[in-house]
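All values derive from a computational prediction rather than experimental measurement. Reckoned from all heavy atoms, side chains included, excluding hydrogens, waters and symmetry mates.
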Amino acid sequence: MHQLNDFENRAALDTQLAEQVAALLQAAVNSKGKASIAVSGGSTPKGFFDALSKKDLPWRKITITLADERWVNIDSSDSNTKLVHENLLVNKASDAKFFHLKQGENLCAETLADLNVAAENALLPLDVLILGMGEDGHTASLFPCSEQINEALALDNPSALMKVVPTTAPHERITFTYASLLKSANTFLHISSSSKKAVLEKALSDTNTFEMPIRAFLQHPDVNVQVYWAE
């Protein structure tokens, strides 16, 4: 299920989302001594990243990671790791820990195995998950076009992380699986523009998750996805 939070502009959205996420991270640290958050890439979250980075939080006890990452060098313009380092791991949030999804040269079985163990120990289940959404309804790197989509959406997939090779987008990817993301304590979908609002409406109009993977989150009866949207 979902709840739509509609804002007059992106600045108002970024401010409110940062306030809500900061409160959740603080509550997690108060409860268990640490917190974890996975964010998404692209240009949409930059304002949110800036607002969150300035919050007074026990950042040394907070671990930030990505919901997915392109397997590119971290100095590449296509690297979401670079985006996070330049826009979120700054200001007060520079004290936070960062869990790198892109480690090493090759996205091989051994690398995935090591990353899965590390993610289970350091991150999961996530306290906060910030999803994005593509025009095709993909989220994280759960691409409807990929040969891996059945495995990526399988509820019984024991892996937290897996390799995905989309056919409609460049680069091989590493992504958290649907099964692992579903366990997040708090899930948000952060989108902007009228075109993404139209994609959201399409996603809510049918139940075929393999056509639009974001439906698996939006329509899950036990997950309340907070949708934050502004033009």
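- By the rule that hydrophobic residues join a cluster once side-chain heavy atoms approach within less than 4.5 Å of another member, M162 and L182 end up as members of separate clusters.
- With I214 as reference, T139 is the one residue of V225, T139, T209 to meet the side-chain contact (heavy atoms from CB on, under 4.5 Å) rule.
- For the pair L124 and F176, the minimum side-chain heavy-atom distance is below 4.5 Å.
- At least one donor-acceptor pair closer than 3.5 Å links the side chain of T15 to the backbone N or O of A11.
- Atom CD of Q3 sits in a crowded spot, with more than 12 heavy atoms from other residues, nucleotides or ligands closer than 6.0 Å.
- L142 is not listed as a side-chain neighbour of V164, based on a closest heavy-atom distance of 4.5 Å or more.
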field: ring-ring contact (aromatic ring centres under 6.0 Å, His included) evaluation trace for Y228 with H190
entry: CA-CA 5 Å; Y228 276 57; H190 181 189; 7.6 Å; no
message: Checking H100 against H85 for the ring-ring contact (aromatic ring centres under 6.0 Å, His included) test, could you report, in this order, the C-alpha distance in whole Å, the side-chain angles of both residues, the deciding distance, and whether it holds?
response: CA-CA 11 Å; H100 284 266; H85 274 81; 5.6 Å; yes
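- Between the side chain of W229 and the backbone N or O of S193, at least one donor-acceptor pair lies under 3.5 Å.
- Hydrophobic clustering of Ile, Leu, Val, Met, Phe, Trp and Tyr side chains at less than 4.5 Å, counting indirect connections, unites L204 with Y178.
- Contact check on R60 versus D95 returns a salt bridge, with a Lys/Arg side-chain nitrogen under 4.0 Å from an Asp/Glu carboxylate oxygen.
- When every heavy atom of S94 is checked against every heavy atom of N91, the shortest pair comes out as OG-O, 2.9 Å.
- Listed for the S53 side chain is no donor-acceptor partner under 3.5 Å among the backbone atoms of L88.
- The CG atom of L131 lies 6.5 Å from the CG atom of L189; values are rounded to the nearest 0.5 Å.
- Residues I37 and L126 are not in side-chain contact: their nearest non-hydrogen atoms beyond the backbone lie 4.5 Å or more apart.
- Considering only heavy atoms from C-beta on, Q103 comes within 4.5 Å of L115 through its side chain.
- Taking K163 as the reference, E172 meet the salt bridge (charged side-chain N to carboxylate O under 4.0 Å, His left out) condition, with sequence neighbours excluded.
- The OG atom of S146 sits 10.5 Å away from atom CZ of F210, with the distance rounded to the nearest 0.5 Å.
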task: Tell me, with the steps shown, if R10 and E231 meet salt bridge (Lys or Arg N to Asp or Glu O under 4.0 Å).
output: CA-CA 7 Å; R10 298 188 191 188; E231 181 61 50; 5.7 Å; no
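- In this structure, H220 and R215 have side chains that are not in contact, with every pair of non-hydrogen atoms separated by 4.5 Å or more.
- Looking at S184 and T187, their side chains never bring a donor and an acceptor atom within 3.5 Å of each other.
- A chain of hydrophobic side-chain contacts below 4.5 Å, direct or via other Ile, Leu, Val, Met, Phe, Trp or Tyr residues, connects I174 to F99.
- The shortest non-hydrogen separation linking H138 to P144 is CB-CD, 3.7 Å.
- In this structure, the side chain of Q219 engages the main chain of D206 through a donor-acceptor pair within 3.5 Å.
- A salt bridge is defined here as a Lys NZ or Arg NE, NH1 or NH2 lying under 4.0 Å from an Asp or Glu carboxylate O, and D127 with K34 fails to meet this definition.
- For the residue pair P213 and I149, the shortest heavy atom distance occurs at CG-CD1, 3.9 Å.
- Remark: N5 CG to L17 CG distance equals 9.0 Å, nearest 0.5 Å.
- When atom types are taken as modelled, the side chain of N80 and the backbone of L83 share no donor-acceptor pair closer than 3.5 angstrom.
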query: Yes or no on side chain to side chain contact (heavy atoms under 4.5 Å, CB included) for V227 and L200, after CA distance, side-chain angles and deciding distance?
result: CA-CA 9 Å; V227 181; L200 175 65; 4.0 Å; yes
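- Follow the hydrophobic side-chain contacts under 4.5 Å out from L4 and you reach I191 in the same cluster.
- No hydrogens or angles considered: nothing links the side chains of T175 and D68 as a donor-acceptor pair under 3.5 Å.
- Around CD of E147, the count of heavy atoms belonging to other residues, nucleotides or ligands within 6.0 Å does not exceed 12.
- Heavy-atom contacts from other residues, nucleotides or ligands closer than 6.0 Å to CG of L89 number more than 12.
- Using a 3.5 Å distance cut-off with no hydrogens or angles, the side chains of N116 and E120 do not pair a donor with an acceptor.
- A 4.5 Å side-chain heavy-atom check between E69 and S79 finds at least one atom pair inside the cut-off.
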- request: Any chance you could lay out the side chain to side chain contact (heavy atoms under 4.5 Å, CB included) test for E86 and F49, step after step, and finish with the verdict?
  value: CA-CA 10 Å; E86 292 179 349; F49 287 168; over 6 Å; no
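- Under the 3.5 Å distance criterion, with hydrogens and angles disregarded, a donor-acceptor pair is assigned to the side chains of D78 and H171.
- Taking all atoms of both residues into account, the shortest heavy-atom contact from S40 to G132 is OG-N, 3.3 Å.
- With values rounded to the nearest 0.5 angstrom, K102 atom NZ is found 5.0 Å from N73 atom CG.
- Here the side chain of S205 pairs a donor or acceptor atom with the backbone of K202 at under 3.5 angstrom.
- Residue K61 qualifies as open at atom NZ: its count of foreign heavy atoms under 6.0 Å is 12 or below.
- Between K54 and D50, at least one side-chain nitrogen of the basic residue sits less than 4.0 Å from a carboxylate oxygen of the acidic one, meeting the salt-bridge criterion.
- Both L155 and L218 are part of a single hydrophobic cluster, where members link through side-chain heavy atoms under 4.5 Å apart.
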query: Please walk me through it: do T177 and L161 pass side chain to side chain contact (heavy atoms under 4.5 Å, CB included)?
result: CA-CA 6 Å; T177 61; L161 292 159; over 6 Å; no
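- Side-chain contact check for F188 versus L129: every heavy-atom pair is 4.5 Å or farther apart.
- Between the Q148 side chain and the V165 main chain, a donor and an acceptor come within less than 3.5 Å of each other.
- When all heavy atoms are compared, the tightest approach of S36 to P125 is OG-O, 3.7 Å.
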- request: Give the intermediate values and the outcome of side chain to side chain contact (heavy atoms under 4.5 Å, CB included) for residues T111 and N106.
  value: CA-CA 8 Å; T111 297; N106 299 312; 5.8 Å; no
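- More than 12 heavy atoms of other residues, nucleotides or ligands shown are found within 6.0 angstrom of NZ on K197.
- Atom CD1 of I64 and atom CD1 of I130 lie 11.0 Å apart (nearest 0.5 Å).
- Contact annotation: the side chain of M212 approaches that of V199 to within less than 4.5 Å [non-hydrogen atoms, C-beta and beyond].
- If you take CG on L52 and CG on L57, they are separated by 6.5 Å, rounding to the nearest 0.5 Å.
- Within the cation-pi definition used here (under 6.0 Å to the ring centroid, within 45° of the axis), K92 does not qualify as a partner of W59.
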